[in-house]
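Everything quoted here is computed from the prediction, not taken from an experiment.
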Amino acid sequence: MGTSVVLFSHSTTKFIPRDFERGLFKHAGFETCIQLCIYILTEQCNFSRTNISCQILSPNTAVMGEIMKEAPHSLWRSRLGMPFSGLAAAALLLLLLSMANSTIACLEQEKSSLLRFLAGLSHDNGIAMSWRNGIDCCAWEGITCSEDGAIIEVYLVSKGLEGQISPSLGELRSLLYLNLSYNLLSGGLPEELMSSGSIIVLDVSFNRLDGDLQELNSSVSDRPLQVLNISSNRFTGEFPSTTWEKMRSLVAINASNNSFTGQIPSSFCTGLPSFVMLDVSYNQFSGSIPPGIGKCTALKVLKAGHNNISGALPDDLFHATSLECLSFPNNDLQGTIDGVLMIKLSNLVFLDLAWNRFSGTIPDSIGKLKRLQEFHMNNNNISGELPSSLGDCTNVITINLENNKLAGELSKVNFSNLHNLQALGLSSNYFTGTIPDSIYSCSTLTWLRLSRNKLQGQLTEKLENLKSLTFVSLSYNNFTNITGSLHILKSLRNLTTLLIGSNFINEAMPEDETIDGFENLHVLAINNCALTGKIPNWLSKLKKLELLLLHNNQLSGPIPTWINSLNFLKYIDLSNNSLIGDIPTALMEMPMLKSDKIEDHPDGPRVSPFTIYVGVSLCFQYRAASAFPKMLNLGNNKLSGLIPVEIGQLKALLSLNLSFNNLHGEIPQSISDIKNLMGLDLSSNHLTGAIPSALVNLHFLSEFNVSYNDLQGPVPIGGQFSTFPSSSFAGNPKLCSPMLVQHCNLAEAAPTSPTSTKQFIDKVVFAIGFGVFFGIAAMALLLPGDPLAAAAPSPIVAAVSAGRRSQRCFPRAAKPTRSRAGQSGFPLGCSSCWGLETVEPLSRPCCSENT
């Protein structure tokens, strides 16, 4: 039997089961147990500290003696703040650590119930062997019994169990704790467990349970359930409402990440004096926030984000004055935030109302929330200036107000008071002026994003005070002096992500060899600046670099051969420049592009609280460098020569864009060796010869463009080629195909793929499965609250989309121009979502089939 803790005084006795011990002090010793006991009696049971003390008893006096030796007298003074002279002074609190094994075997009826549960499993991962080898079920794995042999706990977490949950567990009349989380259990949740007369904690989270959650029969009397966790399953239908009225002791419900529909019931706040937590986020609830929430006087956590809830925040909500966490992101809430009512929620620690339709201003009363640590109101329609009172939230750690309509100067807020501030996101607003000096006093600041505003001026050396910065985004402002800025930024030795594109317009790319530092940089974006000069040699020192974005500048000269020394570089965008010369063979030696078995740098940036936006039209979002696809984009330069045959060595490449250059010769057949390739754009060059028939074996290829070359012969038949539009081949009058104007005669008929029909179907099915998996895996890096996480296609499409801009931005009959003003062929007046730090989908996407 496991160790238990018993607390008692003259008036009451409390029993803390093994599950409590396991969760709170699995590796803790006697000292922690004592502190917990003191806390429970004083804070939870309202006992006076002057009337409690501690003593240890054990059935084994030798063990008791050893425990006594491990409890120094100083413990009571230093940890409990109590003037104890020793354990002998402990009078009224008894801490019992029962270390003797139970000598009473489990009840035969309860053993039978467990075996019936076991019989209902289709896979038990070895549990059966453990259970059937022992006569006493109290000694079975995951089973805990009381002193009289009654089962009080079933704990089978992460055991790989499959099958259905047997109702027989409801027959365990003394069962207090049932935890079957993190398994693969399916079917419904037996009503016998919800209606159990003994279970107080029921946790079946992270399984595959489905169906409706049935209301309890009206004849059922009050049930003792206190904690219910059914999160991350597949439950559907409306959430029960009357059931909770029969659970007067209910403390917490977590039903997040399911598919419940209808309205959130309001019965939680009727006759449930101890109800402190409700999490129904990531469901399909609709309607308004239920009335009566204000009656939940003990409610501390209310989370209902990522649903379809509409309407305004009801006045009644602000009567729940115990709230510490209020989270409703990604719904359809609207209206304004009432500053007078806001003051009532003075206990708030976490406030998240992001991705809604709130309007109006941030109330001055925000400064009254002295306990506030996280404040998220990004992606709303909030306007006005930042209230100066925001500087009074001295405990705040994260502020995210991005994508609103805020204006004015940042200097109105005294950021120097925010000593705990770690993340500040104010991008995509209308802030003007310079970066205020007070921000440079936030020594704990780790993430700073001020992109997409109207800030101006030069960076000052005071920025060097922010030694903890790892993520800096200042893109799309009006900053000047790139050379001075880089000399200042290089002192930030912890910096892993630096996004400064669309500033420093028409300046020269600094080639100063004294620009060192940046030794931990993984992501660098200096795009959309119209910088002149060459690709600087100081970039060769960035040995941890994974993403390099220098597109939309006026850089000239050849691509440097040292580029293959950047062993972790996997995302290269040098498009829309004036680079000349051949495609260097050094690019064919990039380790990360040659093999998908090489992992990203182990010291790579952790998941950021801010997204990085890339792609065309839809603007895909990423939160870590590891999520980006492996891409090489050299489009719209002045590169010449042949496409290197060695390009087939880049077997890990997912997107390749060589469009709008002066390349000639034939398309290398070796491209067919890049088996994972999903996007290939060779358009607007001078390529000749036939399209290699082996390209039909690229079964992941979803975007293909060879338009406006001098290709000839039949278009290959089979594989993905049957899915490409005729625009992919336009401007090649010597090409022939049934889908083109020029049909092939019998002698010219394209060879079909050597792959048999059955083999092809098998590969396509695998490709689809891979694509689905890849998309989910990469988008798991998106933080909760991002709408594209649920709706966007695979992030790989972001890179693929980058390779299709030339063929999708012009009438099919017209040859694209090379206008630099139109951003490599984009028609003037058509905005581009090309590169890092674009913040929202285009209102009028230029790259569509209809333009």
Side-chain angles (χ1 to χ4, degrees), residues 1-2 17-23 26 106-145 150-196 198-214 225-236 252-260 279 282 773 776 780:
M1 179 177 176
R18 189 179 69 180
D19 193 46
F20 197 0
E21 179 197 42
R22 179 188 296 110
K26 181 178 180 181
C106 71
L107 305 177
E108 192 63 32
Q109 181 179 356
E110 297 199 334
K111 178 179 178 180
S112 174
S113 297
L114 288 177
L115 291 176
R116 277 183 284 151
F117 163 72
L118 185 64
L121 300 178
S122 57
H123 180 70
D124 59 46
N125 202 23
I127 295 294
M129 183 177 296
S130 165
W131 284 14
R132 287 171 179 160
N133 285 344
I135 298 176
D136 181 7
C137 66
C138 289
W140 289 356
E141 180 180 355
I143 305 301
T144 303
C145 296
I151 296 174
I152 58 174
E153 179 187 26
V154 175
Y155 186 88
L156 297 172
V157 176
S158 299
K159 298 297 183 182
L161 305 180
E162 298 181 32
Q164 298 191 351
I165 302 175
S166 171
S168 64
L169 292 179
E171 299 173 3
L172 302 175
R173 301 304 179 190
S174 299
L175 184 63
L176 297 174
Y177 305 91
L178 176 59
N179 195 334
L180 302 175
S181 60
Y182 293 92
N183 285 291
L184 300 172
L185 299 169
S186 55
L189 181 65
E191 183 181 346
E192 289 81 355
L193 300 183
M194 290 286 290
S195 62
S196 167
S198 63
I199 295 178
I200 61 175
V201 175
L202 175 57
D203 189 346
V204 292
S205 59
F206 291 92
N207 279 286
R208 298 175 177 176
L209 302 176
D210 55 22
D212 294 353
L213 206 60
Q214 300 294 329
L225 190 66
Q226 296 180 19
V227 177
L228 175 65
N229 190 350
I230 57 173
S231 62
S232 298
N233 279 285
R234 301 173 180 176
F235 291 112
T236 56
I253 294 178
N254 187 348
S256 62
N257 199 18
N258 282 286
S259 296
F260 288 112
D279 187 350
Y282 292 96
F773 171 78
I776 293 174

Keeping the roles fixed (side chain from D279, backbone from S256), state whether a donor-acceptor pair exists under 3.5 Å. no
Looking only at heavy atoms, the pair that brings I151 and E110 closest together is N-OE1, 2.8 Å
Expected output: side-chain N258 to main-chain F235 donor-acceptor under 3.5 Å: yes
Only one of I127, D124, L180 passes side chain to side chain contact (heavy atoms under 4.5 Å, CB included) with F117; say which it is. L180
Nearest-0.5 Å distance, CG of residue D203 to OH of residue Y182: 8.0 Å
Test side-chain contact (heavy atoms from CB on, under 4.5 Å) on L114 and L169 and set out the steps. CA-CA 7 Å; L114 288 177; L169 292 179; 4.1 Å; yes
State, yes or no, whether a side-chain contact exists between M194 and L228 at a heavy-atom distance under 4.5 Å. yes
Tell me, do I230 and N254 make a side-chain contact under 4.5 Å, heavy atoms counted? no
Could you give the distance from CG (L121) to CG (L156), rounded to the nearest 0.5 Å? 8.5 Å
Short side-chain to backbone donor-acceptor contact, W131 and W140, under 3.5 Å: no
Would you say that V204 contacts L185 through its side chain, given a criterion of any heavy-atom pair below 4.5 Å between the two side chains? no
Begin from the C-alpha positions of D210 and N233 and carry the test side-chain contact (heavy atoms from CB on, under 4.5 Å) through to its verdict. CA-CA 7 Å; D210 55 22; N233 279 285; over 6 Å; no
Flag side-chain contact, heavy atom, 4.5 Å: Y177 against I152: no
Spacing of OG belonging to S181 relative to CG belonging to L161, to within rounding of 0.5 Å: 10.5 Å
OH/Y282 to OG/S231 distance, rounded to the nearest 0.5 angstrom? 12.5 Å
Between the main-chain N or O of Q109 and the side-chain N or O of S113, is there a donor-acceptor pair closer than 3.5 Å? yes
May I ask you to test the S122-E162 pair for a side-chain heavy-atom distance under 4.5 Å? yes
Does any non-hydrogen side-chain atom of L178 lie less than 4.5 Å from one of V201? no
Rounded to the nearest 0.5 Å, how far does CG of D212 lie from CZ of F260? 8.5 Å
Give me the atom names and distance for the closest heavy-atom approach of A150 to S174. CB-OG, 3.5 Å
Report yes or no: is the SG-SG distance between C106 and C137 under 2.5 Å? yes
Approximate separation, where rounding is to 0.5 Å, of E191 CD and L213 CG: 10.0 Å
Any donor-acceptor N/O pair, N207 side chain to N183 backbone, under 3.5 Å: yes
side-chain contact (heavy atoms from CB on, under 4.5 Å) between K111 and I135: does it pass, once the steps are laid out? CA-CA 9 Å; K111 178 179 178 180; I135 298 176; 4.3 Å; yes
Counting N and O atoms only, with roles assigned by atom type, does the side chain of S198 sit under 3.5 Å from a partner on the main chain of L175, one being a donor and the other an acceptor? yes
Minimum heavy-atom distance between G170 and R173, given as atom pair plus value: O-NH1, 3.5 Å
